Amino acid sequence: NLEKNKEFEFAKLNVSKVLSQKIREYLNTKKKIISITLRESGYTRFRNSKLSEWKKFINHINESKFKIIVIRDFEKVGTNDFFRKYELFPQASVNISFRSSLYKLAYLNLFVSNGPQTICWINNYNSISWKVWGSGNNKLLFDQNLGFSKETGSRILNKKNQILLAEEDTFKNILKYTQKFI
C-alpha cells in the first residue's frame, strides 16, 4: 500500500531508547552487529531461508569484527540447532518493539523476502533481502506482496540502504552482496 499511495504518510516505528540501551549493555560489545532474520515457516516453504547457506555465512564471518544475532521465525524459536547460539534475543521473534530496536542497532540486517524486512525499509536501516521476486514461478504472488515488480522498482525505498534481490540466498550470493558492508 505504501507503493500504491504516494500521499500515504507512515509513521516510523518508535524505537525505545531505554530498550536499545539495555540491549547494547547486554551485548557489551563494540563490534558491528549483523542481524539475520531467518524465514523458517511451515507455509510457502519455497520462500524459506536456505539454512545450510546461512550456516556457511555465519561460519565465514570474522567474529572479532562482527556480532551475529539471529532472529528466528516464531515457529522455530528456541530450536536446539546451530542457530541457537546466535539467537541471543528470542523475544525479538514475537515482540515488534524488541525486533525494531535490534534492527536499529544493527549495522546490517539480512533477510529473505518476508514481512519483517519492511521495518528496515520504513526506517531506512541498512538491509539486504534475497528472493524478493522468487524464482519467477510465483511472480504475481511476490509482486502483490511487495507492491511493485522487479522491472518497475520502488518509489519509496533507498536503493543504497535497502538492497532487494531476486537471487537465491546461496552462500556465494550472500557473500557477494554483503562484501561492501563487511
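All figures in this text were calculated on a predicted structure; none of them were measured in a lab. Count residues from 1 along the sequence.
Annotation: side chain of F98 is in contact with side chain of I23 (closest heavy-atom distance under 4.5 Å). The shortest side-chain heavy-atom distance between I119 and I96 falls under the 4.5 Å cut-off.
Shown here for S113 and V132, the closest heavy-atom pair between the two residues is CB-CA, 3.7 Å. Among all heavy-atom pairs drawn from T37 and S49, the shortest one is O-OG, 4.2 Å.
Between the side chain of K131 and the main chain of N114, no donor-acceptor pair closer than 3.5 Å is present. At distances below 3.5 Å, not a single donor-acceptor pair connects side-chain atoms of D169 with backbone N or O atoms of W130.
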Could you walk me through whether S127 and Y103 satisfy the side chain to side chain donor-acceptor pair (under 3.5 Å) test, starting with their C-alpha distance in whole Å, then the side-chain angles of each, then the deciding distance to 0.1 Å, before giving a yes or no? CA-CA 9 Å; S127 66; Y103 290 159; over 6 Å; no
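Taking the six-membered ring where the residue is Trp, Y107 and F181 present perpendicular rings, their angle passing 60° and hence far from 30°. Between F57 and W54, the ring planes are perpendicular. Angles over 60° get that label, and only those under 30° would be called parallel.
Cluster annotation: I128 is connected to V112 through the hydrophobic network of ILVMFWY side chains, with a link wherever side-chain heavy atoms come within less than 4.5 Å.
Checked for salt-bridge contact, D81 and R72 meet the test: a charged N lies under 4.0 Å from a carboxylate O. Checked for salt-bridge contact, E25 and K22 miss the test: no charged N lies under 4.0 Å from a carboxylate O.
Distance check, rounded to the nearest 0.5 Å: CZ of F111 to OG of S129 gives 6.0 Å.
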